[in-house]
Every structure is written in structure tokens, then in C-alpha cells.
Amino acid sequence: MEYKFGEIEEKWKKFWAEKDIYKVTEDHNKPKYYVLDMFPYPSGAGLHVGHPLGYVASDIFARYKRLKGFNVLHPMGFDAFGLPAEQYAIETGTHPALTTEKAITRYREQYDKIGFNYDWSRAVKTCDPSYYKWTQWIFLKLFGSWYNRELNRAESISTLVTFFETKGCREWAQHDKNEHETFSAEQWKAFTHEQKENILMNYRLAYLSYAEVNWCAALGTVLANDEIKDGKSERGGHPVERKKMRQWFLRITEYSDRLLEGLERIDWSESMKEMQRNWIGRSEGALVDFETAAGGKIKVFTTRPDTIFGATFLVVAPEHDLIESLITDGQRKEIETYIAYVKSRTDVERQQEKKVTGAFTGSYAVNPVNGKEVPVWIAEYVLAGYGTGAIMAVPADDERDKKFAEKFGLPIVEIIDKSMHPGATIEDKMGQMINSDFLNGQEVKDAIKVILDWIEQKGIGQRKVNYKQRDAGFSRQRYWGEPFPIRYEIVGEPDGNFVGEGESNDIPIPLDEKLLPLILPEVTSYKPTGDGKAPLASNAAWVKNGYETDTMPGYAASSWYFLRYMDANNPDEFAAKDKLNYWQNVDLYIGGTEHAVGHLLYSRLWHKFLFDLGYVETDEPFKKLVNQGMIQGVSKFVYRSANKPNVFVSVDRMNDELADDLKDLGALTAIHVDVRFVEDDILNVEKFRKWRPEYESAEFVLSKDGKYHCGSAVEKMSKRYHNVVNPDDVIDKVGADCFRMFEMFLGPIEQSKPWDDKGISGVYNFLRKFWRLFYSDAGDWKITDEEPTQAEYKALHKTIKKVTEDIERLAFNTCVSSFMICVNELAALNCSKKKILEPLLITLAPFAPFISEELWQALGRDTSINFASFPLADEKYLVETAHNYGVSINGKVRAQIQLPLDLTEEEVKVQVLALENVQKWTNGAAPKKFIFVKGKIINVVV
RNA sequence: GCCGAAAUGGCGGAACUGGUAGACGCGCACGACUCAAAAUCGUGUAUCGAAAGGUGUGUGGGUUCGAUUCCCACUUUCGGUACCA
């Protein structure tokens, strides 16, 4: 009987859905296991073959854990707010909710087709009010909390108010960035409502402040970094500049140390942890004040206070608060030109720039250690957001400062003698201090301590731990996101009179929890208002109520969705306590590296915050994390003539410039062509002609073989490159089981690779070969109850052992190989014995659930194979008594010898040295060395 | 620029803790079956060489009896770089 995957898969897909096979509840008799996928943004293009890579892996793992006796939570949902649907709405007027809903339906169909074992009763859609109600609720908790540095945890802002009322503002509670003054309890009580609110804003974990956005005046909108190419808007190519706007932030910097420390306790790859550590960027150093001639103080942060005698100039960020007071009349023009230039550039561009740029303010500051005047410059390489936005430049020891000094003719004073340490760099912190007054002769590491003490004693600065990480911007001037549950109060009229947001001293008032969710209202236009405000500002009723018109960013909903799955339909809580306590946190999380420092850091923050408030029992959300690689697309190109735009040249003819048929064509431009029109590299000319009207009359300069060969390139799989391969098409051809196994067979899950279905027939043949162990070609059932031979048992148990080990280390590609080897062996042994094939079938079930379920039923079982038990490998079939050794002479393999494993080294030596091939190399002399590693290798050194 | 990762036959990859490089699959070649094709089965397949043997895991060095694996320096590609998700 033929293996009819289409019928089989349709049958079991229906069966699983009807019987709710994958529905899971809290079962206290079994250990829990939570396997999570990063949920997708449902794009209009549907799933492509790259998406399921991680999903198939987690699906296999979840099924495996269930067969191993765990109660497995394996949910899926949709990250449904986002820019593409909003952009589509701007272009077409279609409500993003409709676009999104349609995409979700399609995703769901595609998921089911692949046979995933998700418990869909727990699915979430982040744009659904029943979900974002709780996103808003957590935001209110963040707004209503502060970080108690003494207890090192978040708590209600009311405890801070109590402190202020009884003790005033204490030293420890000062927020170092804002450095607002201290006040007594009496002063606090005397403050106005507005003053109090402004002070509390410096402590709230969700707070309002100012930040720069990418403002595009021509489009009248704020742009995402993604929407900017080479400093211009991607749409239209208009200029973009940085503009300050009042925005919401999350005070993630209060959690920096805990986010660092938590990394020690989780099972993530070292590289992933390293990326998070570097992102947080903790560094110890000092804040030092440089007084300016005008009487101001420029605070610089330095990790190398020992080099301060070599600080020959200061560089401040072009956005620095003190800039205005530093510019002298003579330099004003130059500075303004320079600032205009910097405003047109993104942070990434500013740091990438290899050209040294900068401008002199005209002012000088005093180096506090030696009283020398140093010029103050501005330069794009100093960013306002990092440290204090000002640095002391030490050109002798810092590459960037040095280039700057050389370009602008600024003095360079050597301060560290590294002659004893050739090749040492500044980071090595080695050498002896010179030209540094009282530090002279000291080793760098000692000098750092001495100068820090000195700076603090003299009151010109203090020790400081700095973080590269900044507080997280939480506002988007967009429509398609969660509304903030916030209204703005008119100052002095706190009772119900609200104004539209935007005035700098408006006071935000949190909405009562009972009024959640605050529903995202309709708008007449999805376009921004043109003056930088979000589309909600065009809804009159919304503005009249004083509601915030910005919405939350994409990461709001995704920072906690893994908790909602635990109790997805609860209308009264984000999740019930007993359910949170049962499921705890995610045991295995699979997703892409592109989320390394975004989503994965924010989720940890939210989880720790909820932990502080006592809502969850664990303080890390994801115990084990695995990053799957991306599957790239293979784009195909045709080459169009510049002079004759309907003529296309085959790729191998492009350099044939002298040929008659290529004369006068001019330059050739590569054009993406849909990969569905191309097989191997050959273009299906008819399909291409029908693709677009403009190609109807296309003419082709063909290759010598009479065919049109396309060029190709590996690129991101994307609609715009026409290189998207849809899993549905693959499944129609070979079935979902084959598709799943093939995706795994492509290589290690962590690795990125281009999609190429060339090898898929290998997996397809495997499945048919497996099927033929059960059914003859004529359709006869071949299974017998005969007792298997040793060889058959060995083939089975070897496979069980290897597959179990490989699943545990998530090496699914080698599992597939093992299955192939096993089936090849069983086919060679002509084995159709139930005692072998039944356990093998269960082992295969996580990988190929459809065919397994079908054959399980054929074996006479009346329950789903999902409720079987994963077989254990029996070592008694795997004992080896001999090993085929490779014998190396000086590390090169020269001979082979089969030897029993119980021989001693001396016995082995005698046999090996007697080998003809070994004699040839030793010439009968005794070897210098004889290395014997039992069961591995023999190496003879001559 | 900065942070992280990857590189092995014609192709995807294997080699898990430093121990016989190329498992498994694709492709290709040849053969069996067939009127023929498909399917299936079998044999071969890193490379140079007639062979002996040499070379070979991005490049150049190093450690080691032995390196795809560890160390140093580089090249290229990919991901992130704070409003794509």
C-alpha cells in the first residue's frame, strides 16, 4: 500500500482537534514542563518556511516531554500590534484590526497544517482588549511603583510618600541622574500637589521625561529607525532630524544590577548572556567636575580617573544641556552649523563615522587636578545619553581622542609609561604613571584608587557606577498599540478637568483599575497629525477626556505574554495565583537571536517587577533559552538591458559583451524574479511573461543550452525580494511529516542557512521506506509477533539511545540521520517485527506525528500515540567487545586493527608494532612514544 | 564603529569532553529491473597521483604525541545597535 500522506494528515488533524488532544490543565500528579515559542507578528504575507524552524523544534521537544511523563504547557499566540498593519491602514484605510485578524486566521491554518501540538484554548492576541487590559494594568503598577534601593526591590509609591512625610528626602533615595535637592518632611508637606507629583515622577518606574525622536517634517511624522535609510525617510527620501519630545519611559536602569546577576542563574548560551551584559554595560569610575570660565560645571564620567593629568581637552555631546552657555560669539556660527549636521544623523551613524568631526565652543574649563585650562569641544562621537554626555579627552591613551587631537592640533601629554609592557593597550591597565604630579611612579591599578580617594576628598567628584543601558523609551506616536491608561490633569484643578497631553507641566493621573481596559478608539485617519502627535490626537472625544495620545511600543505586550498563557481566559486577574504557582516559569524558550537585547531584556524586567510585587514566585522568566537560526531566502535575478528594457540576458551571457546579440544593450540591471518561476537556475519563461503586463513581450538572450539561467543571491526571506517559500506548497508536495523532518534535517537549530528544498526527497524516501516496513507494496500488513534477533534489537536500542540523547541536547538534525540509519538497517534485515517497530514508532512520533498516529492505530491501538511512553534504551544490546582502531604514526592514520576492548596497553602494543604497515614506518626500531586511548585511538611516535 | 555568532567535498551537514575528518542525505556516475520511463535496489563519489604517497575543515601563526575542536592575529558573511518584531 502506498504512503498517502494527504489522507493521513487530514484524518489526524481533524481527530486531534475534535478530541482536544493537546488541551492541558494543571495536573499535580505529574511534573510540569513549559515549552514556549516566541509568538509571531502576524504579517500579511503569511508564514514562510523560515518561521516553523523553531516551532517544529519546540513541537518535537514538547511531544517528547509528554511521552516522558511530563504535563506539558505548549501554547501559541499572536503579537498583534505593530507597524506593518498600521502602515497598510495609512495606505488603504483598512482598519489594522481587520488586516490583523485576517493574517491571524491564515497563520492558524498554516500552523494546523504542520501539525503543531499547541493548546489553542490558551491562545492570546495582544490587540484584544481582554489581553491588553492586563498590559495596561501592569503599566499602572509600574507607574504606581518606585525602586527601593535599600531593600533592592520595587514597591508601591505610597511607601515613598510615607518616607517623605516622615523623614523627608534621604540621601540614598536621590536619583543620581536628576539630582534634585533634598528636602525635609516639613518641606515635603508644604509642597503643592504639582511639586509633589513632579518629585514623584523622578522615582516612578514608568515615568515621563524627554527624549529625541526621528522627526520627519515632510511626512509630518515620527519615524522608526527601520523607516530611515541613509539619513532620509525610506518613503519619499525626505530629511529626518532629531527632535526632543515628552515621552514615557521604564526605569529599567534601577534593575541593571539584578538583570546582570540573574544571568548567572539561567541556562542561556554564553554569547547571549554576553550580549546582555554588554548592553547593560556596567562600568566603575568617577564623576569629575570641570569648572568653566563662565562659572558652570561640566560633569564628566570617566572609568580611568588615573589619566586625568593627560586630559587636555573636554568633548561634550552636541545636545548637552550646557552648550548654550559655552558657545562664544566668535564660534557661534561654526557650532550651529555643526549641530545642524549632527541633528541629521542617527546614533548608529555617529558612532560608525570614521572621519573625525567636531567644533570648538570657544570656552575653556579647568582641569581640577592641575588647574590648567582645557578647551571645550563638541563632537558627534560623544552621545548625550551615555554617562553625563561629556568626556575628558586623554589623547595619549585613547585612540579616538588621539585622532581628534591630531586633527584639531590639540596637545597630547603622555601619562603612562608602558615601556615595560610592550603591546599593552589602555584596557590592560598596565604601566607606570608619568607627568602626573603625585601619581608619578605608581602602577596604574594603584593610581586609580589613589586618585579616586583624592577626588572625593577634594570634593571635585565622586566614585560612580555607570551603565551604558538607558531607561527604555515606552511611547510611540502611533495608533496601533495599547492606549496608556492615563489622563492629564490641569494644574490647580485636580478634580475632573482634563486637558490634552503635551504641555510640559501637565500631571498624569492613572486611570482607576476598575475602568480597564481603556479601549483603543476609532480614528478618522491613521495618519499622524502632522505636528508630531499620534493619530489619537485627531479623536476629539479622546483629547477632550485628557487621555494620553501616544500608545505603547511593541515590546509592552510581549514582555509578559508567557504568563497570560498560564491562565489565558481569566477575566479577573492577569493569571490566577494557583496557576502561576503551578507553571512557575518557562522551562525551554525557543526563538531568534534578533531578540537578544530587546524582548529578552524587557521580559526579564517585567518578570522581576512582578516578582517584587509578589505576583509571581520566580524572578527569572526563561530558565533555558535556545536561539534558532534564520532561514534565508535564495533570491533569483533576471538581467534587464538599460537600452532595451524588454530584453533580458541569461546570467552566463552577461560578460559576453562582444557577441552580436548583446551589442547595444547597455548596462544590465539585476531584477528580482519570483522564485516560483525558477527551477534550479532555469527561468520558466512563460510564467515570467504572465507575471506582469510589462513582461508580456519580454525577449531573452539565452544561454548556449537554449535556456535562460537566473542569477541568485542569499537574502532575507521577504516578500519584497520575491523569494518567499510558503510551507503550504511544500506540504502539498511531500506532506507535513516530511516538511517537519526536513526542516530539522537541514542542520543544527541554532544555525542560519538558506532555504533549499533540493534534499527533501531524501527525507521523503525515508518516510516511505519506513512505511514499507509495515505494509508491502501490494498493501499487505507485514507486522509479525516474531522474536527479534540481536542485530535487530541492537539497531533499535542504538537508535533509542542516540535519539534520546540528541533530543535532550536539541540536536534534531542528527536524530533524523539516526532514524534513517535505523530504517536502512531494518530494511536490510528485512525486519517487520512488532517488538522492534512499535517502540521505534513512539520514538519517531515527536518528529512525524501524523504517520506515527496512523501506524499506531494500524498496530491495533485505540488511544492516541501522544499518550504512549517513550521507550528506554536497553544497554544490554549495546555492549561492544571490540573496537576497530585507527593506528596513527606521528598523528597520521596508517593502519587499522580490530582489537578486543579488554586487552592491556602492553598487549595492544605488541600487536600493533607487529603490523606490517607499522613496521614500514618504524623500521623495526622501538617507538619514541606509544599512545593508547582505549576505544579511541592508537598513536605511534617514531 | 561597538557587541555577538558563523565559515568543513559540487550542495545541506556529521565528528557531543583534543583522538580514524567527510556519518546521514542531496546531487552526480555506473549497473540491475523495464519495450521505455517513473519508482525501487546495488556500487562508487574530498582532492592531486599510475602507484607509493602527498594535500585537505575561511587565511596566517602557535600549543600538543595528536587540533574542525584550544590560543593569538586577520578575512568574509550574518544578527543586534535602543521606534521592525
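In what follows, chains are A, B, ... by sequence order, proteins preceding strands, each numbered from 1.
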Q | Full working for ring pair (Phe, Tyr, Trp, His ring centres under 6.0 Å) between A/Trp560 and A/Tyr131 | A | CA-CA 11 Å; A/Trp560 74 282; A/Tyr131 180 86; 4.6 Å; yes
(Q) Under the criterion side chain to side chain contact (heavy atoms under 4.5 Å, CB included), I'd like the reasoning laid out for A/Thr126 against A/Phe39: C-alpha separation, chi angles, the key distance, then a yes or no. (A) CA-CA 10 Å; A/Thr126 60; A/Phe39 64 166; 3.5 Å; yes
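Candidate nucleotides B/G19, B/A21, B/C11 were compared by shortest atom distance to the side chain of A/Lys758, and B/C11 ranks first. Here B/C24 is the nucleotide among B/C26, B/C24, B/U40 with the atom lying nearest to any side-chain atom of A/Asn824. Side-chain atoms of A/Lys753 lie closest to B/G12 of the nucleotides B/A21, B/C16, B/G12.
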Q: Summarise how protein sits on nucleotides 74-85 of chain B as a single string, 5' to 3': B when a protein heavy atom is under 4.0 Å from the base, S for sugar-phosphate-only contact, - for no contact.
A: ----SBSSBBSB
**Q.** Heavy-atom protein contacts under 4.0 Å, nucleotides 44-56 of chain B, coded B base, S sugar-phosphate only, - none
**A.** --------SSS--
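Open room surrounds NZ on A/Lys733; 12 or fewer heavy atoms of other groups in view lie less than 6.0 Å from it. Around the CD atom of A/Glu916, the shell of radius 6.0 Å holds no more than 12 heavy atoms that belong to other residues, nucleotides or ligands.
As judged by a 4.0 angstrom heavy-atom cut-off over every strand, A/Gly759 is placed among residues touching the sugar-phosphate backbone only. A/His883 comes within 4.0 angstrom of a nucleotide base, judged by non-hydrogen atoms across all strands. A/Ser888 comes within contact range of no nucleotide atom at all, as no heavy-atom separation falls under 4.0 Å. Heavy atoms of A/Arg768 sit under 4.0 angstrom from primed sugar atoms or phosphate atoms, though from no base atom. If you check every strand for non-hydrogen atoms under 4.0 Å, A/Asn627 touches nothing.
A/Trp771 has its ring centre less than 6.0 Å from the ring centre of A/Tyr3. The aromatic ring centres of A/Phe812 and A/Phe745 sit 6.0 Å or more apart. Between A/Phe474 and A/Tyr555, the ring centre distance stays below 6.0 Å.
Classified by its glycosidic torsion, B/G62 falls in the anti category, the angle being over 90° from 0.
The distance between atom CH2 of A/Trp755 and atom P of B/G12, rounded to the nearest whole Å, is 15 Å.
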When you compare the protein's N or O atoms with those of nucleotides 64-69 of chain B, which come within less than 3.5 Å of each other, and at what distance?
residue	atom	partner	partner atom	Å
B/C65	O2'	A/Asn939	ND2	3.3
B/C65	O2	A/Asn939	ND2	2.6

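Checked by atom type, the side-chain pair A/Asn824/A/Lys769 shows a donor-acceptor distance below 3.5 Å.
Taking atom C1' on both B/A21 and B/C84, the two are 42 Å apart, rounded to the nearest angstrom.
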